[in-house]
Amino acid sequence: MRRLDLGERRDRIIALLSEHGELSAAELSDRLAVSVQTIRTDLRDLDEAGLVQRRNGAARLRQQSENIGYLPRESLSRQEKQRIALAVKNLIPNGSRVALGTGTTVEHCARLLASRENLFVVTNSIHAVCALQSAPGVSVEMAGGTVRMRDLDLIGVASLEFFANYRVDYAVFSCGGLSSSGAVMDYNSEEVTARKAISKCAKTTILVMDSEKYNLDLACQHGRLWDYDIVVTGAQLSEDVTQACNAHQCRIIHV
């Protein structure tokens with residue numbers, strides 16, 4: 001078995017706990033071929049980041065009523081997000097008009113899009129704006145309103161009104177989760193509103209989603225995966241969801 005680096009190993013811990021519900025440090029040690037002490041250090045750090053909960057010698061994922069903080073999210077599935085970002089970059093040519101939503105996966109996309117020339121970008125994410133700072137010939141319009149300080153973005157009514165003023169070639173955005181049946185989930189109604197607003201302003205909609213979001217049961221849902229033109233993900237979607245996407249001309253790019 002190839003030795004996993006720190007980020008990959010912790011991604012695998014999250015994936016295993018998502019799959020099995022609860023595992024001991026010894027069980028994780030056996031599955032990942034590292035020492036129990038290493039796993040305990042990983043679990044301590046993941047606990048402090050608000051991702052897992054340790055109890056009676058075992059660990060499980062924390063139940064979230066809202067998404068975890070931005071920096072802990074940014075460290076999860078980083079390599080997968082980079083592959084997603086590369087696929088998105090290859091979809092968007094120089095000179096395109098692009099809407100960018102919020103979240104860490106979209107930020108990864110913005111970083112790679114910074115190598116494109118003469119983009120016109122509308123966004124409600126401060127992280128995306130910063131990632132595009134060095135893009136040659138870029139022009140950026142940003143939503144106004146109240147900043148959500150935890151994530152450095154703007155959602156809700158302000159984003160709805162902002163994106164309605166534009167017509168772009170591509171919209172790149174994420175979601176909170178995806179059910180096994182293909183329902184697109186979010187943590188709250190404001191997230192749903194922002195996703196609806198950004199998708200309406202584009203000729204081509206691109207939903208980006210890392211595999212940690214698959215089978216994630218959240219409070220709010222709106223629409224199905226196949227409502228979007230392109231889905232870029234590392235998740236292994238079910239056959240039923242894949243067939244529904246194909247039937248509705250939704251292109252799945254698996255990275």
Side-chain angles (χ1 to χ4, degrees), residues 7 10-11 14 44-53 61-78 80-82 84-85 88 98-114 119 121-135 138-166 168 171-178 184-201 207-210 212-213 216-222:
R10 292 182 178 181
D11 283 351
I14 295 294
R44 183 196 64 216
D45 291 346
L46 290 169
D47 189 353
E48 290 176 356
L51 299 174
V52 305
Q53 184 176 31
L61 295 183
R62 289 188 182 273
Q63 297 298 313
Q64 301 288 341
S65 59
E66 62 176 295
N67 209 349
I68 61 175
Y70 196 92
L71 288 179
R73 295 206 313 275
E74 204 280 330
S75 68
L76 286 176
S77 306
R78 183 172 295 173
E80 181 185 352
K81 291 173 183 176
Q82 290 173 344
I84 290 171
V88 169
V98 185
L100 296 175
T102 64
T104 59
T105 307
V106 175
E107 181 187 356
H108 278 270
C109 294
R111 288 177 190 160
L112 291 195
L113 286 173
L119 296 179
V121 177
V122 295
T123 186
N124 57 337
S125 167
I126 295 174
H127 289 285
V129 173
C130 293
L132 290 164
Q133 186 175 10
S134 63
V138 69
S139 176
V140 178
E141 297 284 339
M142 187 169 183
T146 302
V147 176
R148 188 168 56 166
M149 294 304 294
R150 186 194 68 178
D151 290 354
L152 291 181
D153 60 23
L154 302 97
I155 61 173
V157 175
S159 66
L160 177 65
E161 296 176 347
F162 170 74
F163 286 113
N165 292 323
Y166 298 95
V168 299
V172 182
F173 51 93
S174 188
C175 63
L178 182 74
V184 182
M185 318 291 288
D186 284 292
Y187 286 89
N188 55 60
S189 60
E190 286 190 328
E191 302 277 5
V192 171
T193 297
R195 178 161 51 84
K196 288 166 62 178
I198 193 171
S199 65
K200 285 181 178 179
C201 77
L207 179 69
V208 294
M209 183 191 74
D210 68 75
E212 297 296 334
K213 294 182 178 180
L216 194 59
D217 185 24
L218 301 178
C220 299
Q221 78 171 58
H222 176 80

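Here, residue 1 is the first one in the sequence, and each next residue gets the next number.
- The two residues Cys175 and Lys213 have their closest heavy-atom pair at O-NZ, 2.8 Å.
- Here the closest non-hydrogen pair linking Ala99 and Cys201 is CB-SG, 3.9 Å.
- In terms of modelled atom types and a separation under 3.5 Å, the side chain of Asn188 and the main chain of Glu190 share a donor-acceptor contact.
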Test Leu154 against Met142 for side chain to side chain contact (heavy atoms under 4.5 Å, CB included), laying out the working first. CA-CA 9 Å; Leu154 302 97; Met142 187 169 183; 3.5 Å; yes
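- Partner Val140 forms a side-chain contact (heavy atoms from CB on, under 4.5 Å) with one of Val121, Leu100, Leu119 and no other, that one being Val121.
- Asp210 has its side chain within reach of Thr105: a pair of non-hydrogen atoms, C-beta onward, lies under 4.5 Å apart.
- Between Asn124 and Phe163, some side-chain heavy-atom pair lies under the 4.5 Å cut-off.
- Salt-bridge formation is not detected for the pair Glu191/Lys196: no Lys NZ or Arg NE/NH1/NH2 atom is positioned less than 4.0 Å from an Asp or Glu carboxylate oxygen.
- Closest non-hydrogen pair, Met185 versus Leu216, comes out as CG-O, 3.8 Å.
- Smallest separation of non-hydrogen atoms from Ala128 and Thr123: CB-OG1, 3.8 Å.
- At a threshold of 4.0 Å, the pair Asp47-Arg44 does not count as salt-bridged, since none of the basic side-chain nitrogens sits closer than that to a carboxylate oxygen.
- The two atoms that bring Ala110 and Leu132 nearest to each other are O-CD2, 3.6 Å, heavy atoms only.
- Here the shortest heavy-atom pairing between Glu107 and Ala131 reads O-CB, 4.2 Å.
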